[in-house]
Novice: 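First the structure, which I've put down as structure tokens, then a few questions once you've had a look.
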Amino acid sequence: MYLFDTDPGIDDAVAFLLALGAGAEVAGFCTVAGNVPEPVAAANTAALLAAAGRDLPVHRGAPRPILRELETAQRVHGEDGLGGALPRVPAPEGGPRAVERLLAFTGTLVAIGPLTNVATAVLCDRGWPRRVPRLVVMGGALAAGGNMSAAAEFNFHCDPEAAEIVLAAGFPEVLLVPLDCRRDLSFGPQHRDRLRGMHSPLAALAERLLAGWHGRIAAGGVTIYDAVAWMAASHPDLFTWEDLHVRVDTARGLAYGASIADRRAAAPPPNVRVYAGVDAARYWEGFFASLA
Ligand code: RIB
Ligand code: CA
């Protein structure tokens with residue numbers, strides 16, 4: 001069973017389509033402020049589910065990071081967060097909120113937005129991480145530079161304190177997918193053409209979502225980071241992983257939100273398994289098969 005914690009966001013939405021298309025058992029979606037304000041993330045999740053013809057629970061989460069002010073990425077994902085691809089629907093209300101749903105969850109948690117909800121759940125129940133056998137996080141940047149600042153990746157930059165809390169929380173297995181995966185997994189013109197040739201409802205939806213990034217795809221390609229995190233969650237065997245001790249800089253300086261791997265012999269025990277490579281051919285086969 002999978003539960004998403006998410007801030008859709010074009011790449012979040014593509015990850016949803018892959019999971020739904022693959023027939024994965026998805027328990028629901030916890031929404032968090034990040035790419036867009038949280039109500040917009042919730043409305044976008046509902047809009048995507050409606051467009052995909054699915055009725056799954058949406059659990060409302062944190063409207064802002066734990067300490068710092070919210071800085072969205074609407075310049076990347078559009079004002080509505082989905083590049084204008086879908087008709088607007090109201091943000092769903094009612095039902096268990098994100099933290100309550102997280103604390104009751106014991107499957108694979110796929111965290112593809114800022115980690116505010118996940119960190120809050122950890123603070124509410126320090127024993128909860130042990131009940132979550134696998135946490136997959138899209139976040140951080142090790143050898144790669146940052147995308148929100150010179151040093152920091154967006155999800156960790158948006159809520160650095162949350163990221164530091166989560167990485168130190170003692171989850172039994174954390175698979176970390178940082179920006180470094182962009183060296184291997186760029187969605188380029190050839191991938192767009194293959195998507196165009198598929199004529200399935202999910203492929204058509206993915207194409208509409210990615211149209212907002214048409215220019216970047218044509219100029220050489222974009223990495224659909226949250227899709228990589230979903231593929232890591234559902235097919236970890238496609239990837240190679242490096243066990244490392246990683247922390248997040250929470251000092252309010254140039255490297256605020258940066259992910260720091262300790263590769264010294266004297267480093268503390270590993271707390272994450274970091275993306276180290278992928279069988280790209282099998283990755284893309286799984287990607288397109290999910291949308292067929
Ligand atoms: O840095 C990329 C990450 O930040 C992705 O999850 C994207 O959706 C944004 O949330
Ligand atoms: Ca995201």
Side-chain angles (χ1 to χ4, degrees), residues 2-19 29-38 40-45 47-48 58 61-65 68 70-83 85 98 109-119 135-160 162-163 166 174-187 206 209-210 212-213 216 221-233 246 248 256-259 274-275:
Y2 299 94
L3 179 65
F4 281 91
D5 192 78
T6 178
D7 63 335
I10 290 171
D11 58 333
D12 304 68
V14 174
F16 300 173
L17 293 179
L18 297 181
F29 302 81
C30 298
T31 50
V32 65
N35 284 319
V36 291
E38 189 279 335
V40 179
N44 287 347
T45 304
L48 195 285
V58 177
R64 51 151 297 171
R68 73 176 307 170
L70 174 63
E71 278 183 72
T72 70
Q74 285 161 295
R75 59 180 169 67
V76 172
H77 296 268
E79 194 61 26
D80 73 333
L82 293 179
L109 177 55
V110 186
I112 52 176
L115 291 168
T116 316
N117 291 335
V118 181
L135 167 64
V136 181
V137 172
M138 192 282 130
L142 297 180
N147 59 355
M148 191 62 179
S149 73
E153 174 279 326
F154 178 80
N155 287 333
F156 282 16
H157 181 274
C158 188
D159 197 339
V166 170
V174 181
L175 300 183
L176 183 64
V177 177
L179 295 182
D180 302 68
C181 67
R182 65 184 172 208
R183 69 170 180 259
D184 304 315
L185 293 172
S186 176
F187 183 95
L209 288 162
L210 291 169
W213 288 349
R216 291 167 59 195
V222 294
T223 299
I224 310 173
Y225 292 110
D226 294 337
V228 181
W230 162 252
M231 294 295 284
V246 176
V248 179
Y256 189 30
S259 47
V274 179
Y275 170 98

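Each ligand, and each atom within it, is numbered from 1 in the order the structure gives. Only this structure's heavy atoms are used, side chains among them; waters, hydrogens and symmetry mates stay out. Residue indices begin at 1 and follow the sequence shown.
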Novice: Hey, does Cys181 have a side-chain heavy atom less than 4.5 Å from the side chain of Tyr225?
Specialist: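 Counting from C-beta outward, Tyr225 and Cys181 do come under 4.5 Å.
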Novice: Less than 4.5 Å apart, side chain to side chain, heavy atoms only: is that true for Leu210 and Phe187?
Specialist: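 Yes - at least one pair of side-chain heavy atoms lies under 4.5 Å apart.
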Novice: Are Pro160 and Arg68 packed together at the side-chain level, in the sense that at least one heavy-atom pair is separated by less than 4.5 angstrom?
Specialist: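 When only atoms from C-beta onward are counted, Arg68 and Pro160 do touch, with a gap below 4.5 Å.
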Novice: Short list, please: which atoms of ligand 1 are under 4.0 Å from a heavy atom of Asn155?
Specialist: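 With Asn155 as reference, the close atoms of ligand 1 come out as 3 (C), 4 (O), 5 (C), 6 (O), 9 (C), 10 (O).
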Novice: Quick one: list whatever passes side-chain hydrogen bond (donor to acceptor under 3.5 Å, both in side chains) with Arg64, sequence neighbours left out.
Specialist: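 In terms of side-chain hydrogen bond (donor to acceptor under 3.5 Å, both in side chains), with neighbours along the sequence ignored, Arg64 is linked to Glu69.
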Novice: Quick check on contacts: which atoms of ligand 1 are under 4.0 angstrom from a heavy atom of Met138?
Specialist: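 Those qualifying, in numeric order: 2 (C), 3 (C), 5 (C), 6 (O).
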Novice: State which residues pass side-chain hydrogen bond (donor to acceptor under 3.5 Å, both in side chains) with Tyr2; sequence neighbours excluded, sorted by chain then number.
Specialist: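 side-chain hydrogen bond (donor to acceptor under 3.5 Å, both in side chains) list for Tyr2, sorted by chain: empty.
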Novice: Looking at Ile112, which atoms of ligand 1 are within less than 4.0 Å of one of its heavy atoms?
Specialist: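 Per the distance check, 6 (O), 10 (O).
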Novice: Which of these, Val110, Leu176, Leu179, sits in a side-chain contact (heavy atoms from CB on, under 4.5 Å) with Met138?
Specialist: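 Going through the options one by one, the only one that passes is Leu179.
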Novice: Tell me, which protein residue and heavy-atom name are nearest atom 6 (O) of ligand 1, and how many Å apart are they?
Specialist: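 Atom 6 (O) of ligand 1 sits closest to the protein heavy atom Asp226 OD1, 2.6 Å.
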Novice: Under the criterion side chain to side chain contact (heavy atoms under 4.5 Å, CB included), I'd like the reasoning laid out for Asn117 against Asp5: C-alpha separation, chi angles, the key distance, then a yes or no.
Specialist: CA-CA 8 Å; Asn117 291 335; Asp5 192 78; 2.9 Å; yes
Novice: Under 4.0 Å from a heavy atom of Asp12: give me the atoms of ligand 1 that qualify, with their elements.
Specialist: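 Here the atoms of ligand 1 in question are 8 (O).
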Novice: Under 3.5 Å, is there a donor-acceptor pair linking the side chains of Tyr275 and Asp184?
Specialist: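 Their side chains do contain a donor-acceptor pair, which is all the 3.5 Å distance test asks for.
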Novice: Using a cut-off of 3.0 Å, how many protein N, O or S atoms lie below it in distance from the Ca ion (ligand 2)?
Specialist: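 Protein heteroatoms (N, O, S) closer than 3.0 Å to the Ca ion (ligand 2) number 5.
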Novice: For the residue pair Val36 and Gln74, establish whether any side-chain heavy-atom pair is separated by less than 4.5 Å.
Specialist: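 Side-chain contact under 4.5 Å: yes.
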Novice: Tell me, which protein residue and heavy-atom name are nearest atom 1 (O) of ligand 1, and how many Å apart are they?
Specialist: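 The closest one turns out to be Glu153 OE2, 2.6 Å.
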Novice: Looking only at protein heavy atoms, identify the closest one to atom 5 (C) of ligand 1 and say how far it is in Å.
Specialist: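 Protein heavy atom at minimum distance: Asp11 OD2, 3.2 Å.
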Novice: Name the closest protein heavy atom to atom 9 (C) of ligand 1, giving the residue it belongs to and the distance to 0.1 Å.
Specialist: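 Of the protein heavy atoms, Asn35 OD1, 3.2 Å lies nearest.
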Novice: What do we get for Ile10 next to ligand 1 when only non-hydrogen atoms under 4.0 Å count, side chain, backbone, both or neither?
Specialist: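 Near ligand 1, Ile10 shows nothing, with every heavy atom at 4.0 Å or more.
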Novice: Please tabulate, one pair per line, all N/O donor-acceptor pairs under 3.5 Å involving side-chain atoms of residues 9-19, not counting sequence neighbours.
Specialist:
{"residue": "Asp11", "atom": "OD2", "partner": "Asp226", "partner atom": "N", "Å": "3.3"}
{"residue": "Asp12", "atom": "OD1", "partner": "Asn35", "partner atom": "ND2", "Å": "3.3"}
{"residue": "Asp12", "atom": "OD2", "partner": "Thr6", "partner atom": "OG1", "Å": "2.8"}
{"residue": "Asp12", "atom": "OD2", "partner": "Asp7", "partner atom": "N", "Å": "3.2"}

